[in-house]
Every structure is written in structure tokens, then in C-alpha cells.
Amino acid sequence: MISSLRKYVPVLDWGRRYDRDALQNDLIAAVIVTIMLIPQSLAYALLAGLPPEAGLYASILPIILYAIFGTSRALAVGPVAVVSLMTAAAVGQVAEQGTAGYAVAALTLALLSGGILLAMGVFRLGFLANFLSHPVIAGFITASGVIIAASQLKHILGVDASGHNLFELVVSLIEHLPETNFVTLIIGVAATAFLFWVRKGLKPLLISKGVKPRLADIAQKAGPVGAVVVTTLAVWIFGLSNWAGVSIVGEVPQSLPPFTMPDLSIDLVSALFIPALLISIIGFVESISVAQTLAAKKRQRIDPDQELIGLGAANVAAGFSGGYPVTGGFARSVVNFDAGAETPAAGAYTAVGLAIAALALTPLVFFLPKATLAATIIVAVLSLVDFSILKKTWTYSKADFVAVAATILLTLGFGVETGVSAGVILSIGLHLYKTSKPHVAEVGLVPGTQHFRNINRHEVLTDPNLVTLRIDESLYFANARFLEDLIQDRVTEDCPVKHVVLMCSAVNEVDMSALESLEAINERLRSMDVQLHLSEVKGPVTDRLRRSHFLDELTGRVFLSQYDAWAALSGKGPRSDLAAAQ
């Protein structure tokens, strides 16, 4: 009972071994991540079309719930760029930005996403995320990064542009270009340039001046805070929001996250369910990738199904505490790991730091320019843009290249929901396409050995009466007919053939459709006076075949190894005592 509870509530496991050293390391990591997360939270809320405080609220209670139910020691949960963009796209279809209905719809989206993740975790459906191939995910994130950066240019220029895809955004920005606020532009460009310099050049500069690497790293992570402080003071001291029209954050409630109630009306839930499903899948894939990468560095284990429960609980908490959908963020998780986080408690301490910020520091961001937050987003998301995936997939696999290119183009041209939906469909379609025409090699015996290799690649021994086909894929409904046609063509063109052996060393599964195809192949070869044999059939596959009448009706035999089949059927080797009768 206790061990089962620890499995679903991991804090009961690692909490028993929590000591002073872990506390010290977690607190240091929490301070660094908190400094980084304050401007990020405000910025991502802006990206999602929500008030700045929503970003803080989405980073407090959700982090605590993940610390209780999650399995990653370093994953930092909260608002992220891609999910914020998807939230804006989904909620923008059902409510107008800036209205109470918009905020309520975001709460509902978080609750739905949390419910979907919890259900997937309880029913152990984490494997469903594997239907999104890595190249397609990389293409989607790259295109999303471009859209996010483009969407923030309106704040840099100080204009009121809008659009759901790259084309609409560019057209809108061009139309509003004459309205550019040059003071805002100066602030935005300066903040962006400063943040790029901080990301690339500050740490090496400090180290060259004799600063310890750890302190230099902290200074680099605190760079966005420096931009926030300087630009906020500039707007306040010179009154830029009054005479220059610089857009500022304004009043942010000075309070802890409130209890909020999502709207569970049928119309709203049905409108947001598909977007919530897509956000759940994308968020989980991004989160589990980061968590497993960081865990591997310390030889720790991540339970994907329990991660679903942890992320689900975090999103449910966001729905009831004024937030919006959250997931594990790459940048802040790496910072958390590098800062020395030992346990998920580091996230809980980060939540405490953010709660203090929400209570005491929000008045200080009244004059914070939105252009600075936009600069923070642009610098963060451009690190996600990686068009090299196109070159890599073109070189390695043209089919993967088509999927990646299509995902990027559809996301840029039609928006994130269309892009990610296309990515899911393309990933599944690509898998079906590849496995519907499996590699089937005709093999022969390598002289002086008991090994069999492709006759088109190696000098091997063959027999005119014997054809051996090695099937390099499991047999299922999508490729069953392909195998029928291939064997029919091969045997018809070669009259001396008396035996066909299917080498099944790579076959892990034979479904009902494939079984019917094997029965059809057996009968067709029988009518041609050719025997069908199997070799190297795996145990689970054999067990499944024994439940049918196929082995009883097989015209040939089942051999333990391909060499046994060669020796017994070609007459050119010692007959093996291991050959198995039907």
C-alpha cells in the first residue's frame, strides 16, 4: 500500500531522504530560477494575450503540485513560449482579448489540458506522444518560434498589429509601420540588443575579469531582470508613458493567486477540447524530452506516465488559480539543473519566491515597457529556431524532410493549430507509409558460415529451388498485401522454385490481417506446387500462430534457424536435427 502510494506521490519517496545539503542546493537553484522566471512569466502572459499577473499565477501553485506528483528532479514547470502562443490561438477563437471571457476561457483550457493529461497518466497512455516524430516536433517548434518573434514586433514598434499566422502578421505590421512609436522602438531595440549580448557575451567577459564561473552564470541568468529595471526606471523618470506614448504593463494586482472557476459550459468545452488535446500532447513531448535529458546526466529515472499525472495536476491547479496551460520549460529547467537542484523541492521554493514577488514586487513593474517584455520573448524563442533540421532530414531521409517542411510551411501559413494537427497526421502517415512497404531482402548463405545476407549486397550461395525472403518489419494490415504481391511476383518469374522460406527474425507481431495474408500466400503457393516454410520465428509470434489453424495447414515446416532450413531444403549442407516439424 505504502509503496504504491509512493509511486503515485513521488514526494513521499524522495522526501524521506531529504537532508541539509539537498536543502541548500535547492534553495540556491530556486533563487536563480526565480530571478529568471519573474520577467519570463510576465512576458509569456503577454504572449498568451492575458494580464501580466496570469503569468505569475501560472508559476506558483502549478509548480507546487508538480513538485508533489512529478518524477523529474530538475524540470521547472510554468508558462512556456509555444504553449502561450497556442493558448492565444485557441482562446482567441472563442473570446475577445482583454475581456473577462478571454481569461475564463484560458482557465477552462488549462483545466481541460490538465484533465486530459491526468487521464492519459492514469490509463498509462504516455506512448501516444510517440506518434509525434522528433523531426516534426522540431519543425513545429521552429515555425512557432518564428511566429512568436514576429508577433512581438508590434510591441517593439509600438503599433497595434495582429494576425494568426506569419503572413497575416507581416501584412499587418507593414500596414501599421507608419504608426511606429520611435521612443518605444529605441527601448525595444536596445533591450533586445542588450539581452542578446547578455546571452552570448556577458559570462565570458566576467570570467575574463576574474569573476568565478558560478557568479558569472548567475549574472547572465539575471540579465533580463537588469533590462527590466533599467527600462522601467527610464520610463518612470522621464515620464515616457505620458508624453511619448510608451505602452507599459500598468497596475498588476498585489496578491497571491486567487481561487478561480473555469467555465464548463458544453459550448466552450467542445470548442476548446481539440486545442486542449494538442496543447497537452505538445507540452508533454517538450516536457518529457527535457526531463529525460537532464535525468540521464545524473543516471536518474523518469516515469513518463507519472509525468503525465504531475503535469496534469499542475494544469488543473493553473485552472483554479488564475493561470493558463503550463508545461516544463527547456531554458529554465537547464538553469535549474545547472544551478544544482537536487529534488523537485527546488520548484516549490521557486513558487514561494514568486509568491513573495506577487505580494511585494508587483507595484515596481507598473512602468515596465511592454517592449522590454517583447524583447525578452524574442531573445528566448529565437534560440528555439533551428532550420538546420531541414538540411539534416534532406540528407538522411527525404520522407522525413517532406514531413518537416510541410509542418513548418503549414504552421507559418495557417497558424499553430493547423501546424501541430498536420504534424500529428504527418507523423502517423509517415509511419504507415514506411511500414506499408517494408524492406524485404532475398538472402543467401555466406560461404563458410551459417549467416545469411542480402544477395544484392554480398557474395552468397543460393539454390535455384529455394527462395529465402528476410522480412525486416512486423506484419500488419498496412503491409500484408505488399508481402502477398512481392512473393507472387518473385515465384512466378522463377519456375524452378520449389520452396519459399520466410525468415522472420525481425517480425515482432503478426496481426489478423497479416495472418489472413499468410494463409492466402500458403494456398497460392500450394496451387503452384511450392511449399511455404518459416524460420527464426520468435516465441510470442509462434504462440499467436498456434492459436490459429495456420501452422496445421502450412505446406512446409517451421525451422528454428535459417541455416536449418537451408540444410534441409537445399541438400547442400548437413541436415540439422534442430529442424522443427509442424
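Just so it is clear, the model here is predicted, and its values are computed rather than measured.
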State, to 0.1 Å, how close [X] and [Y] come at their nearest heavy-atom pair, and which atoms those are.
X	Y	answer
Asp26	Tyr18	OD2-OH, 2.9 Å
Phe337	Leu294	CE1-O, 3.5 Å
Ser280	Leu117	O-CD2, 3.7 Å

Distance-only polar pair, side chains of [X] and [Y], donor-acceptor under 3.5 Å:
X	Y	answer
Ser561	Asp564	yes
Thr435	Glu473	no
Tyr563	Glu536	no
Tyr476	Ser513	no
Thr555	Asn522	yes
Asn465	Ser570	no
Thr468	Gln562	yes

Expected output: side-chain [X] to main-chain [Y] donor-acceptor under 3.5 Å:
X	Y	value
Ser151	Ile148	yes
Asn479	Phe482	no
Ser421	Thr418	no
Thr327	Gly283	yes
Gln292	Ile302	no

Under a 4.5 Å cut-off applied to non-hydrogen side-chain atoms, are [X] and [Y] in contact?
X	Y	value
Val500	Val491	yes
Arg526	Ile521	no
Phe559	His533	yes

Taking the inter-plane angle between the rings of Trp394 and Phe401 on a 0 to 90° scale, is it parallel (under 30°), tilted (30 to 60°) or perpendicular (over 60°)?
-> perpendicular
Looking at [Y] and [X], is there a salt bridge between them, counting it only when a charged N and a carboxylate O are closer than 4.0 Å?
X	Y	value
Asp400	Lys434	yes
Glu442	Arg490	yes
Asp543	Arg547	no
Arg524	Glu484	yes

With rounding to the nearest 0.5 Å, note down the distance linking [atom1] in [X] to [atom2] in [Y].
X	Y	atom1	atom2	answer
Lys437	Leu486	NZ	CG	12.0 Å
Lys498	Leu525	NZ	CG	12.0 Å
Glu509	Lys538	CD	NZ	11.0 Å

Kindly determine whether Glu307 and Thr71 satisfy side-chain hydrogen bond (donor to acceptor under 3.5 Å, both in side chains), including the steps that lead there.
-> CA-CA 6 Å; Glu307 281 299 288; Thr71 60; 2.7 Å; yes
